[in-house]
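Naming convention: chains lettered A, B, ... in sequence-line order (proteins, then strands); numbering from 1 in each chain. Computed from heavy atoms alone, side chains included, the values below leave out hydrogens, waters and symmetry copies.
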Amino acid sequence: MKCHEYRVHGLRVDSVLEFPELLPGSGPPDASIRYGDVPLSLHDPLEQNAFFEAKPGHFLLKLDGIARFLVSEGKQILIDRSPDSRDDEIRLFLLGSALGALLHQRGVLPLHGSAIATEKGAVVFVGGSGNGKSTLAGVFQKRGYSVLADDVSVISFDDRKRAWVLPAYPQINVWEDAAQMLNRETASLPRVRPGVEKYGLRIRESFAQEPVALSSVYVIDLGKEQVGVVEAVRGLRKMQMFVEHTYRPMILGGLGRWRDHFKLAEMAANSAPVRRVMRCPDQPLSQRPADLLEEDFRARPGVAELSTDRSGAGK
Amino acid sequence: MKARHLSDQDTVVARTDRVVTADVDGEIMMMSVEQGQYYGMNEVGNRIWQLIQQPRSVSDLCELLVAEFEVGPEACHTQVMELLNQLKKEQLLDIVDEVTG
(Lines give C-alpha, C1' and ligand atoms only; values in the text may rest on other atoms or scores of the structure.)
Protein backbone atom coordinates (compact mmCIF):
# COMPACT_ATOMS: atom_id res chain seq x y z
CA MET A 1 0.00 0.00 0.00
CA LYS A 2 1.23 3.50 -0.79
CA CYS A 3 2.60 5.29 2.20
CA HIS A 4 2.68 9.05 2.78
CA GLU A 5 5.55 10.56 4.76
CA TYR A 6 4.76 13.49 7.04
CA ARG A 7 6.01 15.64 9.90
CA VAL A 8 3.65 16.55 12.73
CA HIS A 9 4.33 17.73 16.32
CA GLY A 10 8.04 17.15 15.78
CA LEU A 11 7.47 13.53 14.75
CA ARG A 12 8.13 11.75 11.48
CA VAL A 13 4.97 9.83 10.71
CA ASP A 14 4.24 7.35 7.93
CA SER A 15 0.57 7.15 6.98
CA VAL A 16 -1.65 5.13 4.65
CA LEU A 17 -4.16 7.96 4.89
CA GLU A 18 -3.41 11.16 3.00
CA PHE A 19 -3.28 14.36 5.08
CA PRO A 20 -3.28 17.48 2.88
CA GLU A 21 -2.80 19.63 6.00
CA LEU A 22 0.53 18.04 7.01
CA LEU A 23 4.04 18.86 5.77
CA PRO A 24 6.04 16.15 3.99
CA GLY A 25 8.91 14.53 5.88
CA SER A 26 11.79 12.17 5.24
CA GLY A 27 13.99 9.84 7.24
CA PRO A 28 13.14 7.00 9.60
CA PRO A 29 9.59 7.23 11.00
CA ASP A 30 8.82 7.73 14.71
CA ALA A 31 5.28 6.46 14.31
CA SER A 32 2.94 4.98 11.71
CA ILE A 33 -0.75 5.24 10.82
CA ARG A 34 -2.29 2.12 9.27
CA TYR A 35 -5.60 0.45 8.59
CA GLY A 36 -6.28 -2.76 10.46
CA ASP A 37 -8.66 -4.73 12.65
CA VAL A 38 -9.19 -2.96 15.95
CA PRO A 39 -10.82 -4.92 18.81
CA LEU A 40 -14.13 -3.69 20.21
CA SER A 41 -12.60 -3.57 23.65
CA LEU A 42 -9.21 -3.62 25.39
CA HIS A 43 -8.26 -6.52 27.61
CA ASP A 44 -8.13 -5.32 31.26
CA PRO A 45 -8.41 -1.55 30.74
CA LEU A 46 -7.61 0.74 33.69
CA GLU A 47 -10.36 3.04 32.53
CA GLN A 48 -13.25 2.71 30.10
CA ASN A 49 -16.33 4.69 29.10
CA ALA A 50 -18.53 5.10 26.02
CA PHE A 51 -15.80 6.93 24.07
CA PHE A 52 -12.47 5.44 25.05
CA GLU A 53 -10.61 2.72 26.90
CA ALA A 54 -7.09 3.02 28.19
CA LYS A 55 -4.33 1.15 29.94
CA PRO A 56 -0.57 1.76 30.07
CA GLY A 57 0.72 1.81 26.49
CA HIS A 58 -2.69 1.35 24.86
CA PHE A 59 -5.57 3.66 24.01
CA LEU A 60 -8.77 2.74 22.18
CA LEU A 61 -10.96 5.52 20.78
CA LYS A 62 -14.50 4.37 19.90
CA LEU A 63 -16.50 6.63 17.59
CA ASP A 64 -19.72 5.08 16.36
CA GLY A 65 -20.28 5.56 12.65
CA ILE A 66 -16.77 6.92 12.12
CA ALA A 67 -14.01 4.57 13.28
CA ARG A 68 -12.22 2.82 16.10
CA PHE A 69 -8.63 3.94 16.61
CA LEU A 70 -6.08 1.88 18.51
CA VAL A 71 -3.05 3.87 19.66
CA SER A 72 -0.15 1.73 20.87
CA GLU A 73 3.11 2.42 22.70
CA GLY A 74 3.52 5.89 21.20
CA LYS A 75 4.41 4.27 17.89
CA GLN A 76 1.33 3.19 16.00
CA ILE A 77 -2.24 4.25 15.25
CA LEU A 78 -4.48 1.58 13.75
CA ILE A 79 -7.70 2.75 12.09
CA ASP A 80 -10.75 0.51 11.73
CA ARG A 81 -13.22 2.55 9.67
CA SER A 82 -16.97 2.36 9.66
CA PRO A 83 -18.36 1.80 6.15
CA ASP A 84 -19.83 5.31 5.70
CA SER A 85 -17.07 7.33 7.30
CA ARG A 86 -15.57 10.33 5.55
CA ASP A 87 -11.86 11.04 5.21
CA ASP A 88 -12.12 14.53 6.72
CA GLU A 89 -13.82 13.15 9.86
CA ILE A 90 -11.18 10.44 10.21
CA ARG A 91 -8.43 13.04 9.85
CA LEU A 92 -10.03 15.34 12.41
CA PHE A 93 -10.18 12.69 15.14
CA LEU A 94 -6.85 11.24 14.20
CA LEU A 95 -5.07 14.60 14.47
CA GLY A 96 -7.05 15.29 17.67
CA SER A 97 -7.66 12.63 20.30
CA ALA A 98 -5.74 9.75 18.67
CA LEU A 99 -2.56 11.73 18.10
CA GLY A 100 -3.04 13.31 21.53
CA ALA A 101 -2.94 9.85 23.10
CA LEU A 102 0.15 8.95 21.08
CA LEU A 103 1.89 12.09 22.34
CA HIS A 104 1.03 11.24 25.96
CA GLN A 105 2.39 7.74 25.41
CA ARG A 106 5.63 9.24 24.09
CA GLY A 107 6.11 11.17 27.33
CA VAL A 108 5.88 14.73 26.03
CA LEU A 109 3.62 17.47 27.36
CA PRO A 110 0.87 18.41 24.90
CA LEU A 111 -0.83 21.64 25.95
CA HIS A 112 -4.26 22.65 24.67
CA GLY A 113 -3.32 25.95 23.09
CA SER A 114 -1.67 27.74 20.21
CA ALA A 115 1.98 28.79 19.90
CA ILE A 116 3.98 31.29 17.87
CA ALA A 117 7.70 31.83 17.37
CA THR A 118 9.07 35.21 18.46
CA GLU A 119 12.57 36.70 18.73
CA LYS A 120 12.46 35.82 22.42
CA GLY A 121 11.46 32.20 21.85
CA ALA A 122 8.16 30.32 21.65
CA VAL A 123 5.07 31.93 23.18
CA VAL A 124 2.13 29.65 24.03
CA PHE A 125 -1.49 30.79 24.48
CA VAL A 126 -3.83 28.62 26.54
CA GLY A 127 -7.33 29.32 27.85
CA GLY A 128 -10.86 28.02 27.90
CA SER A 129 -12.73 27.09 24.76
CA GLY A 130 -13.75 30.22 22.87
CA ASN A 131 -11.24 32.49 24.64
CA GLY A 132 -9.40 33.06 21.39
CA LYS A 133 -6.37 30.76 21.32
CA SER A 134 -6.58 30.05 17.58
CA THR A 135 -7.63 33.56 16.72
CA LEU A 136 -4.54 34.92 18.52
CA ALA A 137 -2.33 32.63 16.44
CA GLY A 138 -4.04 34.07 13.34
CA VAL A 139 -3.66 37.66 14.56
CA PHE A 140 0.05 37.24 15.24
CA GLN A 141 0.56 35.40 11.97
CA LYS A 142 -0.87 38.49 10.25
CA ARG A 143 1.56 40.61 12.25
CA GLY A 144 4.46 38.65 10.77
CA TYR A 145 5.15 35.97 13.37
CA SER A 146 5.57 32.31 12.47
CA VAL A 147 3.01 29.93 13.91
CA LEU A 148 4.18 26.75 15.71
CA ALA A 149 0.82 25.26 16.59
CA ASP A 150 -2.89 26.01 16.58
CA ASP A 151 -4.78 23.63 18.85
CA VAL A 152 -2.10 21.46 20.45
CA SER A 153 1.31 22.83 21.45
CA VAL A 154 3.71 20.05 22.35
CA ILE A 155 6.38 20.80 24.93
CA SER A 156 9.37 18.50 24.92
CA PHE A 157 12.47 18.58 27.12
CA ASP A 158 16.05 18.06 26.04
CA ASP A 159 18.79 16.32 28.04
CA ARG A 160 19.39 19.50 30.01
CA LYS A 161 15.69 19.78 30.92
CA ARG A 162 15.19 22.81 28.70
CA ALA A 163 11.69 23.15 27.27
CA TRP A 164 11.03 23.33 23.51
CA VAL A 165 7.82 23.80 21.58
CA LEU A 166 7.59 21.43 18.61
CA PRO A 167 6.03 22.53 15.30
CA ALA A 168 2.55 20.99 14.92
CA TYR A 169 1.30 21.45 11.35
CA PRO A 170 0.59 24.52 9.21
CA GLN A 171 -3.11 25.02 9.75
CA ILE A 172 -5.23 27.23 12.00
CA ASN A 173 -8.83 26.18 12.61
CA VAL A 174 -11.08 29.16 13.18
CA TRP A 175 -14.77 29.95 13.34
CA GLU A 176 -16.45 32.00 10.62
CA ASP A 177 -16.22 35.33 12.51
CA ALA A 178 -12.51 34.92 13.23
CA ALA A 179 -11.81 34.03 9.60
CA GLN A 180 -13.54 37.25 8.57
CA MET A 181 -11.54 39.24 11.09
CA LEU A 182 -8.40 37.78 9.54
CA ASN A 183 -9.71 38.85 6.09
CA ARG A 184 -10.09 35.30 4.87
CA GLU A 185 -12.98 34.39 2.61
CA THR A 186 -14.44 31.16 4.00
CA ALA A 187 -16.17 29.99 0.80
CA SER A 188 -12.95 28.51 -0.60
CA LEU A 189 -11.67 27.09 2.72
CA PRO A 190 -12.04 23.46 3.82
CA ARG A 191 -14.41 22.96 6.75
CA VAL A 192 -12.85 21.01 9.60
CA ARG A 193 -15.99 18.88 9.69
CA PRO A 194 -19.08 18.76 7.50
CA GLY A 195 -21.81 21.04 8.80
CA VAL A 196 -19.51 22.87 11.23
CA GLU A 197 -18.77 26.55 10.62
CA LYS A 198 -15.12 26.07 11.45
CA TYR A 199 -12.53 26.42 8.73
CA GLY A 200 -8.95 25.37 8.23
CA LEU A 201 -6.62 28.19 7.22
CA ARG A 202 -3.47 26.80 5.61
CA ILE A 203 -0.44 28.80 6.65
CA ARG A 204 2.57 27.07 5.06
CA GLU A 205 4.38 30.34 4.33
CA SER A 206 4.32 31.49 7.94
CA PHE A 207 4.88 28.24 9.79
CA ALA A 208 7.88 27.62 12.06
CA GLN A 209 9.33 24.31 10.89
CA GLU A 210 11.86 23.72 13.68
CA PRO A 211 11.46 23.43 17.48
CA VAL A 212 11.71 26.74 19.34
CA ALA A 213 12.84 27.14 22.97
CA LEU A 214 9.90 28.01 25.24
CA SER A 215 9.86 31.65 26.36
CA SER A 216 6.51 32.15 28.05
CA VAL A 217 2.97 30.89 28.45
CA TYR A 218 -0.10 33.14 28.56
CA VAL A 219 -3.45 32.10 30.01
CA ILE A 220 -6.28 33.97 28.26
CA ASP A 221 -9.31 34.48 30.51
CA LEU A 222 -12.62 36.13 29.74
CA GLY A 223 -14.01 38.70 32.15
CA LYS A 224 -14.90 42.33 32.63
CA GLU A 225 -12.68 43.05 35.59
CA GLN A 226 -8.98 43.74 35.51
CA VAL A 227 -9.05 43.86 31.74
CA GLY A 228 -5.62 44.67 30.40
CA VAL A 229 -3.71 43.51 33.48
CA VAL A 230 -0.95 40.99 32.90
CA GLU A 231 -0.49 39.02 36.10
CA ALA A 232 2.25 36.50 36.90
CA VAL A 233 1.02 33.03 37.91
CA ARG A 234 3.31 31.27 40.36
CA GLY A 235 3.71 28.23 42.57
CA LEU A 236 0.81 25.81 42.94
CA ARG A 237 -1.41 27.81 40.58
CA LYS A 238 1.27 27.67 37.91
CA MET A 239 1.52 23.91 38.31
CA GLN A 240 -2.29 23.64 38.11
CA MET A 241 -2.24 25.70 34.94
CA PHE A 242 0.03 23.19 33.17
CA VAL A 243 -2.10 20.26 34.35
CA GLU A 244 -5.48 21.85 33.56
CA HIS A 245 -4.44 23.01 30.11
CA THR A 246 -2.94 19.66 29.20
CA TYR A 247 -4.51 18.29 26.01
CA ARG A 248 -7.02 15.49 26.84
CA PRO A 249 -6.13 15.19 30.57
CA MET A 250 -9.03 12.74 31.06
CA ILE A 251 -7.03 9.94 29.45
CA LEU A 252 -3.94 10.29 31.68
CA GLY A 253 -5.31 8.14 34.51
CA GLY A 254 -6.19 5.25 32.20
CA LEU A 255 -2.79 5.45 30.53
CA GLY A 256 -1.18 5.31 33.99
CA ARG A 257 0.61 8.56 33.22
CA TRP A 258 -0.17 10.87 36.17
CA ARG A 259 3.12 10.30 37.98
CA ASP A 260 5.24 11.06 34.91
CA HIS A 261 2.90 13.79 33.75
CA PHE A 262 3.23 15.71 37.00
CA LYS A 263 6.99 15.61 36.57
CA LEU A 264 6.60 17.05 33.05
CA ALA A 265 4.31 19.78 34.36
CA GLU A 266 6.81 20.58 37.13
CA MET A 267 9.67 20.83 34.61
CA ALA A 268 7.57 23.06 32.36
CA ALA A 269 6.52 25.23 35.30
CA ASN A 270 10.15 25.70 36.26
CA SER A 271 11.30 26.55 32.74
CA ALA A 272 9.06 29.42 31.72
CA PRO A 273 6.99 32.22 33.25
CA VAL A 274 3.21 31.89 33.10
CA ARG A 275 1.19 35.09 32.81
CA ARG A 276 -2.53 35.59 32.92
CA VAL A 277 -4.39 38.12 30.80
CA MET A 278 -8.03 39.09 31.11
CA ARG A 279 -9.91 40.07 27.98
CA CYS A 280 -13.36 41.50 27.60
CA PRO A 281 -15.66 39.14 25.67
CA ASP A 282 -16.89 41.92 23.37
CA GLN A 283 -13.46 43.36 22.64
CA PRO A 284 -11.89 42.29 19.33
CA LEU A 285 -8.79 40.22 20.05
CA SER A 286 -6.89 41.77 17.17
CA GLN A 287 -6.73 45.15 18.91
CA ARG A 288 -5.95 45.90 22.55
CA PRO A 289 -5.51 42.34 23.88
CA ALA A 290 -3.11 41.47 21.07
CA ASP A 291 -1.19 44.75 21.51
CA LEU A 292 -0.88 44.12 25.21
CA LEU A 293 0.32 40.55 24.73
CA GLU A 294 2.80 41.55 22.06
CA GLU A 295 4.26 44.29 24.24
CA ASP A 296 4.53 41.84 27.13
CA PHE A 297 6.18 38.93 25.33
CA ARG A 298 8.58 41.23 23.53
CA ALA A 299 9.77 42.48 26.93
CA ARG A 300 10.72 38.96 28.09
CA PRO A 301 14.39 38.07 28.34
CA GLY A 302 15.44 36.18 25.23
CA VAL A 303 16.06 32.49 25.04
CA ALA A 304 17.55 33.08 21.59
CA GLU A 305 21.03 32.03 22.66
CA LEU A 306 19.64 28.58 23.43
CA SER A 307 17.88 28.12 20.11
CA THR A 308 21.12 27.64 18.15
CA ASP A 309 21.72 24.35 19.96
CA ARG A 310 18.86 21.96 19.52
CA SER A 311 20.65 18.81 20.56
CA GLY A 312 18.25 16.46 22.21
CA ALA A 313 15.14 18.45 21.37
CA GLY A 314 12.18 16.54 20.12
CA LYS A 315 12.91 13.31 21.95
CA MET B 1 -3.16 -6.52 67.29
CA LYS B 2 -5.66 -3.73 67.81
CA ALA B 3 -6.25 -1.18 65.10
CA ARG B 4 -4.07 1.85 65.53
CA HIS B 5 -5.57 5.31 65.86
CA LEU B 6 -3.88 8.56 65.08
CA SER B 7 -4.66 9.83 68.56
CA ASP B 8 -2.35 7.16 69.97
CA GLN B 9 1.11 8.68 70.47
CA ASP B 10 2.82 5.42 69.55
CA THR B 11 1.06 5.06 66.23
CA VAL B 12 3.58 4.98 63.43
CA VAL B 13 2.75 6.92 60.30
CA ALA B 14 4.35 7.23 56.89
CA ARG B 15 3.45 9.06 53.75
CA THR B 16 1.95 7.03 50.95
CA ASP B 17 3.98 6.28 47.84
CA ARG B 18 0.94 7.03 45.70
CA VAL B 19 1.84 10.70 45.54
CA VAL B 20 4.59 12.68 43.89
CA THR B 21 5.92 15.97 45.16
CA ALA B 22 6.86 18.94 43.05
CA ASP B 23 8.62 22.21 43.76
CA VAL B 24 7.53 25.22 41.73
CA ASP B 25 8.90 28.66 42.61
CA GLY B 26 9.84 27.28 46.03
CA GLU B 27 6.28 26.12 46.74
CA ILE B 28 6.03 22.44 47.59
CA MET B 29 3.01 20.54 46.35
CA MET B 30 1.86 16.97 46.26
CA MET B 31 -0.16 15.13 43.70
CA SER B 32 -1.97 11.84 43.97
CA VAL B 33 -1.00 9.67 41.02
CA GLU B 34 -4.32 7.84 40.86
CA GLN B 35 -6.78 10.73 40.91
CA GLY B 36 -4.60 13.48 39.53
CA GLN B 37 -5.45 15.69 42.54
CA TYR B 38 -2.96 18.14 43.93
CA TYR B 39 -2.40 19.76 47.31
CA GLY B 40 -0.32 22.70 48.47
CA MET B 41 1.73 22.66 51.68
CA ASN B 42 2.92 25.35 54.06
CA GLU B 43 6.38 25.34 55.65
CA VAL B 44 5.46 23.16 58.63
CA GLY B 45 3.38 20.83 56.47
CA ASN B 46 6.25 20.48 54.09
CA ARG B 47 8.64 19.59 56.94
CA ILE B 48 6.21 16.99 58.30
CA TRP B 49 5.88 15.55 54.82
CA GLN B 50 9.68 15.23 54.62
CA LEU B 51 9.87 13.63 58.08
CA ILE B 52 7.28 10.97 57.35
CA GLN B 53 9.09 9.77 54.26
CA GLN B 54 10.35 7.23 56.83
CA PRO B 55 7.82 5.60 59.16
CA ARG B 56 7.76 7.61 62.39
CA SER B 57 5.65 7.63 65.53
CA VAL B 58 3.41 10.60 66.26
CA SER B 59 5.35 11.36 69.45
CA ASP B 60 8.72 11.30 67.64
CA LEU B 61 7.34 13.60 65.01
CA CYS B 62 6.15 16.13 67.60
CA GLU B 63 9.46 15.99 69.45
CA LEU B 64 11.43 16.76 66.31
CA LEU B 65 9.16 19.63 65.33
CA VAL B 66 9.24 21.23 68.77
CA ALA B 67 13.01 21.25 68.53
CA GLU B 68 12.99 22.77 65.04
CA PHE B 69 10.21 25.33 65.21
CA GLU B 70 9.65 27.78 68.03
CA VAL B 71 6.49 26.20 69.27
CA GLY B 72 5.28 24.63 72.50
CA PRO B 73 4.60 20.87 72.67
CA GLU B 74 0.84 21.29 72.95
CA ALA B 75 0.42 23.72 70.09
CA CYS B 76 2.71 21.53 68.00
CA HIS B 77 0.69 18.43 68.78
CA THR B 78 -2.55 20.15 67.77
CA GLN B 79 -1.08 21.26 64.46
CA VAL B 80 0.46 17.89 63.72
CA MET B 81 -2.78 16.06 64.45
CA GLU B 82 -4.71 18.45 62.25
CA LEU B 83 -2.41 17.82 59.32
CA LEU B 84 -2.19 14.06 59.85
CA ASN B 85 -5.96 13.76 59.98
CA GLN B 86 -6.25 15.74 56.80
CA LEU B 87 -3.63 13.58 55.08
CA LYS B 88 -5.41 10.46 56.25
CA LYS B 89 -8.73 11.74 54.93
CA GLU B 90 -7.16 12.37 51.52
CA GLN B 91 -5.60 8.89 51.65
CA LEU B 92 -2.12 10.35 51.58
CA LEU B 93 -1.08 8.76 54.87
CA ASP B 94 -0.34 5.15 55.69
CA ILE B 95 -0.66 3.97 59.26
CA VAL B 96 2.00 1.31 59.64
CA ASP B 97 2.59 -1.20 62.37
CA GLU B 98 4.79 -0.15 65.23
CA VAL B 99 8.46 0.08 64.32
CA THR B 100 10.14 -2.85 65.98
CA GLY B 101 13.71 -3.27 67.11
Count the heavy atoms of every other residue, nucleotide or ligand shown that sit under 6.0 Å from CZ of B:Phe69, and state whether that count exceeds 12. yes
If only atom types and distance count, is the side chain of B:Asp23 paired as donor or acceptor with the main-chain N or O of A:Asn270 below 3.5 Å? no
Using side chain to side chain contact (heavy atoms under 4.5 Å, CB included) as the criterion, point out the one residue from A:Arg234, A:Met239, A:Arg237 that pairs with B:Asp25. A:Arg234
Closest non-hydrogen contact found for A:Arg259 with B:Val20 is CG-CG1, 3.4 Å
Heavy-atom count around B:Gln91 CD within 6.0 Å, excluding the residue itself: above 12? no
Keeping to residues at least two apart or across chains, list the ring pair (Phe, Tyr, Trp, His ring centres under 6.0 Å) pairs with something in residues 229-258 of chain A. A:His112-A:Tyr247, A:Trp258-A:Phe262
Should we say atom CD of A:Gln240 is surrounded by more than 12 heavy atoms from elsewhere, each under 6.0 Å from it? yes
Assess whether atom CD of B:Gln86 is packed by more than 12 heavy atoms of other residues, nucleotides or ligands within 6.0 Å. no
Who wins among B:Arg18, B:Met31, B:Met29, B:Met41 for the most heavy-atom pairs under 4.5 Å with chain A? B:Met31
On a heavy-atom basis, the closest approach of B:Val24 and A:Glu266 is CG2-CG, 4.3 Å
